[in-house]
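Along the sequence shown, residues are numbered consecutively beginning with 1. What's counted below: heavy atoms across the whole structure, side chains too, no hydrogens, waters or symmetry copies.
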Amino acid sequence: MKNLIRLTDHTPNDIYDIFKLTDEVQQGKYNNILKGKSIVLFFPNSSIRTRVTFEKGIYLLGGQPILFPTETLDKKEDIKDVCGYLNNWADLIIVRHQDIHLIEKMSMHSKVPIINAMTATNHPCEMLSDMYALSKIRKDFTKDKFLFCGVNGNIGLAWKEASDVMGFELEQCCGNGYEMDHITCHNNISKAITGKDIVCTDSLPASALDDFKDCQITTAIMEKANKGAILNPCPPFYRGEEVSDDVIESDYFVGYGFKKYLLEVQQAIMVYCLTH
């Protein structure tokens, strides 16, 4: 039994094991692995992609999803006691909550695997899906040079977490005051994108739009990246803000195709946590 809370708790071999499991899921190898098992999920109402793919993934693997709103975990009841009861009935717990420390506390008291479906500081399932997608179109994505355009938030920190595990080179482009620690940062996109292969973005809070006016990704900007470079914006993205409308309509954009793997990768994560 293994948890998935931070990518940095795992090795590159662990990541490649999940990739192999994803291939096997696509071949139909684990269609009934969750038969007779109950998977408890805690998700906010605003979640779309992650929730849909987890719930559908559980169904396709033969399991029963039991969904609660995330606020259920914010009750007065001690999380140790919540887990004490869930240990009787749950076979796997999937949690989307702002506080990663709450998820870590759950893992201390849970007898079944805990999967982090997003916090305010990381998003490991999203990163595994994106890296798996990259592995299908790049010779060796760990040798690519990555640029993240966005604030010091959960998506940027998730890419930093992924780079720490897999060893790929990652830099950031952002407005002043939004820099992540221990990473090379740029404030001008024309300079930042030079020599890059993989460009990733995150949506911007309204209060940061003016600070990022020199960081928008356009088709003209992508033309300054390395030959064969791709744009992978984290959804939801907003045309005219962190990305231009024309670049989303260009061949640089790979977003839709990347996310098609989210279903199988999250199924593979569940298989991995239950079998390793």
- Could you check if a side-chain atom of Tyr16 sits within less than 4.5 angstrom of a side-chain atom of Met166, using non-hydrogen atoms only? yes

Open item on the list: Using modelled atom types and a 3.5 Å cut-off, is there a donor and acceptor pairing between side-chain atoms of Gln216 and backbone atoms of Gly240?
Closed with: yes

Test item: Ser47 side-chain N/O and Pro44 main-chain N/O as donor-acceptor pair under 3.5 Å: no

Interatomic distance, CG@Leu170 vs CD@Glu161, rounded to 0.5 Å, equals 12.0 Å

**Message:** In the structure I gave you, are the side-chain heavy atoms of Lys259 and Pro235 within less than 4.5 Å of one another anywhere?
**Reply:** yes

**Request:** Verify the distance criterion only: is there a donor paired with an acceptor across the side chains of Ser244 and Arg239 at less than 3.5 Å?
**Result:** no

Q) Are Ile137 and Trp159 connected in the hydrophobic side-chain network, where two residues link if heavy atoms are under 4.5 Å apart? A) yes

Review point. Shared ILVMFWY cluster between Val265 and Leu134, side chains joined below 4.5 angstrom?
Key: yes

Q) Distance only, no hydrogens: is a donor on one side chain within 3.5 Å (strictly under) of an acceptor on the other, for Tyr178 and Asp211? A) yes

Interatomic distance, CD1@Ile189 vs NZ@Lys196, rounded to 0.5 Å, equals 8.5 Å

*Would a distance-only check, ignoring hydrogens and angles, find a side-chain to backbone donor-acceptor pair under 3.5 Å from Asn87 to Ser110?*
no

Distance col, row Glu171:CD vs Ile193:CD1, nearest 0.5 angstrom, shows 11.5 Å

### Task
For the residue pair His97 and Thr119, establish whether any side-chain heavy-atom pair is separated by less than 4.5 Å.
no

Can you check whether Thr142's main-chain N or O pairs, donor with acceptor, with Asp140's side chain at less than 3.5 Å? yes

For Ile66 and Ser38, the nearest pair of non-hydrogen atoms, with its separation, is CD1-CB, 4.0 Å

Under 3.5 Å: donor-acceptor pair, side chain of Asp14, backbone of Thr11: yes

>> Using modelled atom types and a 3.5 Å cut-off, is there a donor and acceptor pairing between side-chain atoms of Gln172 and backbone atoms of Gly150?
In response: yes

Practice problem: Assess whether side chain to side chain donor-acceptor pair (under 3.5 Å) is satisfied between Thr50 and Arg96, documenting all intermediate values. | Solution: CA-CA 9 Å; Thr50 309; Arg96 184 163 179 155; 3.2 Å; yes

Exercise. Is there side-chain contact between Tyr252 and Thr219, with at least one heavy-atom pair below 4.5 Å?
Worked result: yes

Item to complete: Specify whether Tyr256 and Phe237 have parallel, tilted or perpendicular ring planes, treating 30° as the upper limit for parallel and 60° as the lower limit for perpendicular.
Response: tilted

Legend entry - Arg49 side chain near Ser129 side chain, heavy-atom distance below 4.5 Å: no

- Message: Within the 4.5 Å heavy-atom criterion, are Asn188 and His186 side-chain neighbours or not?
- Response: no

Item checked: Distance-only donor-acceptor check, side chains Asn232 and Asp130, under 3.5 Å -> yes

Notebook entry, point to check: Is there a side chain to side chain contact (heavy atoms under 4.5 Å, CB included) between Val95 and Ile115 once you walk through the steps?
Noted result: CA-CA 6 Å; Val95 187; Ile115 295 175; over 6 Å; no

Inset, instruction - Return yes if some donor-acceptor pair links the side-chain N/O of Asn116 with the main-chain N/O of Ile5 below 3.5 Å, else return no. - result: yes

Fill in: Connected via hydrophobic side-chain network under 4.5 Å: Leu274 and Leu4
yes

- Task: May I ask you to check whether Tyr132 and Asp23 show a side-chain donor-acceptor distance below 3.5 Å?
- Result: yes

State whether a side-chain donor-acceptor pair under 3.5 Å links Gln267 with Tyr30. no

Item to check | Test item: side-chain donor near acceptor, Asn154 and Asn122, under 3.5 Å | outcome: no

Original post:
Mind checking whether Phe43 and Phe68 have ring centres under 6.0 Å apart?
Top reply: no

Under a 4.5 Å cut-off applied to non-hydrogen side-chain atoms, are Met106 and Leu73 in contact?
yes

Fill in: Atom NZ of Lys56 with >12 non-hydrogen neighbours under 6.0 angstrom
no

Do Glu264 and Thr22 have side-chain atoms, one donor and one acceptor, less than 3.5 Å apart?
no

